[in-house]
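Everything on this sheet refers to the single structure shown next.
The first residue of the sequence shown is numbered 1, and numbering continues consecutively from there. Predicted model, so just to flag it, every value in this text is computed and none were measured.
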Amino acid sequence: MTDHLTELKMRLGEVSDLRSASALLAWDQMVMMPPAGATVRAFRQATLERVAHERFTDDRIGELVSELDGLESSLPYDSDDASLIRVTRRDWEKARRIPAELAARLTQTASEAMEAWVAARAANDYAAFRPWLDRQLELKQEYIACFGPTADPYDHLLDDFERGTSTTEVSAIFARLKEVLVPLIEEVNAAGHGGGLGGGPFPEEGQRLVGLAAMTAFGFEPESFRLDTTVHPFCSSFAISDIRVTTRYQEDDLESLFSCMHEIGHGLYERGVSPTLERTPLAHGCFSGLHESQSRLWENIVGRSLPFCRWLHPQLVATFPEALGSFSVEQFHRAVNRVEPSFIRVDADEVTYGMHIILRFELERELIAGTLSTADLPDAWNTRFEEYLGLQVPEDRLGVLQDVHWSCGYFGYFPTYQLGNVMSVQIWEAAQAALPGLEEQFEQGDFSALGAWLRENLYSLGRKLTPKETLERVAGGPLDPEPYLRYLQGKHGVGVTA
């Protein structure tokens, strides 16, 4: 039986190596690759995905998992080896349903469509991108057809990013949030908006240094992380000790600071996975909702808190004396927590962000169900955006073309962003209960206690447990929107009700 486990780990290690190489090519495409390399790069990624898929879905993987049933049952449920056998079985059974040829086409199309999206977004040309969106939707229908019937075909897409969570469950949580957030946004609009940070200037090099200062305080290590620029900020992990963070800079705002804190949240999760899980399917954060909970916890709950602002404020004033020299700590704190509907999701404040996600979730479901065509998508987006956020979208670059996700075929991903917001508050409350005095430590620039608690209780687990099991263990309960709504009420002092 030990020989079977050794062979399983060897085979899974090879698959991990192939997927990491593919992820590195994807990172390079977004960060370093010259545009002319896109066509050949798509073939390279498709080849790697096909080989990795064939290796993982090989009959021998299934045989080994079956032969290890007895070992799994003899070990604690959350042990490394029992979890590896259990998760591999579940992943293998799902992956076996997808032909290698389809897996390769999904990867190649994502690479090609992403480049088309970059050009279409820059040109504000939805018509140029629409054929690629149609192609992605056709492929998603092929993908869904690989599985058995379910209450909602969107379940199969959601399961890729939030294992074990149904569309019905997400819809119920979003209905509760929508019930509160839509009238709250109307209330905020009627009351007017407080002052922001102005238009800078915030030179790029200064932004880079301030972003690095914040990330370093949180746990950024030069030997394991790097920071680069890209069109759409993201974080990639190629190993537990190889984390790539990206951001983007504009000299008239400081969004790069919060982008850095958001992406380092993802990076800290990946860096904190137990080294014993490296080169296995367990060596990543536990699906997208919990991953997003960490980016939002570090960006918003920590990074927009008054204690954090008190620590960072002197560094900001020293770096940007012309733009921020007259701002007190309290003014800066109010400015970075300003609630004002805006067009771009990644720039949205905590209160309005949820409606950006709920809009995308609703449109995705309709596209997959066939009740909304890609021809009608921009109008549907713009109509719903005005209904939810009170703004008229002036151009597709600020609307339906703003996100990279649909070009990459990431249908089912968007709802996990808002699920992550909900989870972040539940996890934060658990951390506060375990670690009294956290905010006093933040004011001194000390985030080590929070980081250590998260590594021990969440990050180290990797993918050993399902999202629901992990949240239950870390936060002591199931997904619950009420703590998140109370958090908004307490922070922003406006009419959120339980």
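A side-chain contact (heavy atoms from CB on, under 4.5 Å) with Tyr459 is found for exactly one of Leu290, Val474, Leu268, namely Leu268. Checked options Phe447, Phe218, Trp311, Trp298; the residue passing with Phe442 is Phe447 (criterion: ring pair (Phe, Tyr, Trp, His ring centres under 6.0 Å)). Just one of Trp406, Phe414, Tyr413 meets the ring pair (Phe, Tyr, Trp, His ring centres under 6.0 Å) condition when paired with Tyr410; it is Tyr413.
A donor-acceptor contact shorter than 3.5 Å links the side chain of Ser20 to the backbone of Phe238. In terms of modelled atom types and a separation under 3.5 Å, the side chain of Gln402 and the main chain of Gly399 share a donor-acceptor contact. With hydrogens and angles ignored, the 3.5 Å screen pairs no side-chain donor or acceptor of Thr88 with any backbone N or O of Ile85. Using a distance-only test at 3.5 Å, with no hydrogens or angles considered, a donor-acceptor pair links the side chain of Thr280 to the main chain of Leu277. Judged purely by atom type and a 3.5 angstrom limit, Arg463 has no side-chain atom pairing as donor or acceptor with the backbone of His284. In this structure, the side chain of Glu292 does not engage the main chain of Leu419 through any donor-acceptor pair within 3.5 Å. Between the side chain of Glu162 and the backbone N or O of Gly289, at least one donor-acceptor pair lies under 3.5 Å. Put simply, the side chain of Ser22 never gets that close to the backbone of Leu18: no donor and acceptor are under 3.5 Å apart.
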Between Gln432 and Trp428, is the side chain to side chain donor-acceptor pair (under 3.5 Å) condition met? List the steps. CA-CA 6 Å; Gln432 280 187 305; Trp428 168 244; 3.3 Å; yes

Apply side chain to side chain donor-acceptor pair (under 3.5 Å) to residues Glu469 and Tyr77 and explain how you reach the verdict. CA-CA 11 Å; Glu469 290 169 340; Tyr77 181 82; 2.7 Å; yes

Can you list the steps and then say if Ile427 with Leu471 is a side chain to side chain contact (heavy atoms under 4.5 Å, CB included)? CA-CA 8 Å; Ile427 294 169; Leu471 185 64; 4.2 Å; yes

Side chain to side chain donor-acceptor pair (under 3.5 Å) for Ser448 and Asp446? Distances and angles first, verdict last. CA-CA 6 Å; Ser448 58; Asp446 183 0; 2.6 Å; yes

Please walk me through it: do Phe161 and Phe287 pass ring pair (Phe, Tyr, Trp, His ring centres under 6.0 Å)? CA-CA 6 Å; Phe161 301 103; Phe287 290 90; 8.8 Å; no

Chi angles and distances behind the salt bridge (Lys or Arg N to Asp or Glu O under 4.0 Å) call for Glu221, Arg271: CA-CA 10 Å; Glu221 310 156 329; Arg271 183 71 182 96; 2.9 Å; yes

Please report the C-alpha distance between Tyr353 and Arg345 in whole Å, then the side-chain angles of each, then the deciding distance to 0.1 Å, and finally whether the side chain to side chain donor-acceptor pair (under 3.5 Å) criterion is met. CA-CA 6 Å; Tyr353 185 90; Arg345 173 186 62 84; 3.0 Å; yes

Could you walk me through whether Val231 and Trp117 pass side chain to side chain contact (heavy atoms under 4.5 Å, CB included), step by step? CA-CA 11 Å; Val231 174; Trp117 167 79; 4.2 Å; yes

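Within 6.0 Å of atom CZ in Arg90, more than 12 heavy atoms from other residues, nucleotides or ligands are found, so the atom counts as buried in its surroundings. Shown here is Phe43, whose CZ atom has no more than 12 heavy atoms of other residues, nucleotides or ligands within 6.0 Å. Within 6.0 Å of CD on Glu223 lie more than 12 heavy atoms contributed by other residues, nucleotides or ligands. The 12-atom threshold is exceeded at CE of Met10, counting heavy atoms of other residues, nucleotides or ligands nearer than 6.0 Å.
Donor-acceptor pairing under 3.5 Å is recorded for the side chains of His291 and Glu270. For Gln108 and Glu112, the side-chain atoms include at least one donor-acceptor pair closer than 3.5 Å. Judged purely by distance below 3.5 Å, without hydrogens or angles, the side chains of Thr107 and Gln45 never pair a donor atom with an acceptor atom. Defined by atom type and a distance below 3.5 Å, a donor-acceptor pair is present between the side-chain atoms of Thr352 and Asp349. Using modelled atom types, one finds no donor on one side chain facing an acceptor on the other under 3.5 Å when comparing Glu204 with Gln250.
With respect to Arg19 and Asp17, no salt bridge is recorded, no charged nitrogen being found less than 4.0 Å from a carboxylate O. Taking the charged nitrogens against the carboxylate oxygens, Asp91 and Arg89 have no contact shorter than 4.0 Å, which rules out a salt bridge. One finds no salt bridge joining Glu14 and Arg279 here, because no Lys/Arg side-chain nitrogen approaches an Asp/Glu carboxylate oxygen to under 4.0 Å. Arg226 and Asp242 are not joined by a salt bridge, as no carboxylate oxygen comes within less than 4.0 angstrom of a charged side-chain nitrogen. Remark: Arg304 does not engage Glu350 in a salt bridge, criterion side-chain N to carboxylate O under 4.0 Å. Between Asp80 and Lys464 there is a salt bridge, since a side-chain N of the basic residue sits under 4.0 Å from a carboxylate O of the acidic one. A salt bridge links Glu362 and Lys178; the closest N-O separation between the charged side-chain nitrogens and carboxylate oxygens is under 4.0 Å. A salt bridge links Lys9 with Asp81: the distance from a Lys NZ or Arg NE/NH1/NH2 to an Asp or Glu carboxylate oxygen falls below 4.0 Å.
With Tyr417 as the aromatic partner, Arg296 does not meet the cation-pi criteria of under 6.0 angstrom to the ring centre and within 45 degrees of the ring axis. A cation-pi arrangement is not found for Arg121 relative to Phe129, the charged atom failing to lie both closer than 6.0 Å to the ring centre and inside a 45° cone about the ring normal. A cation-pi arrangement is present between Lys140 and Tyr143 under the rule of less than 6.0 angstrom and at most 45 degrees off the ring axis.
Considering only heavy atoms from C-beta on, Thr247 stays 4.5 Å or farther from Glu255 through its side chain. Side-chain contact between Leu297 and Met423: absent, with no pair of heavy atoms (C-beta onward) separated by less than 4.5 Å. Between Val245 and Cys260 the shortest side-chain heavy-atom distance does not fall below 4.5 Å.
Atom CG in Leu84 sits 5.5 Å away from atom CG in Leu8 (nearest 0.5 Å). Atom CE of residue Met114 and atom NE2 of residue His232 lie 11.5 Å apart, to the nearest 0.5 angstrom.
Legend: ring-ring contact (aromatic ring centres under 6.0 Å, His included) pairs involving residues 312-340, not counting sequence neighbours, sorted by first then second residue: Phe202-Phe320.
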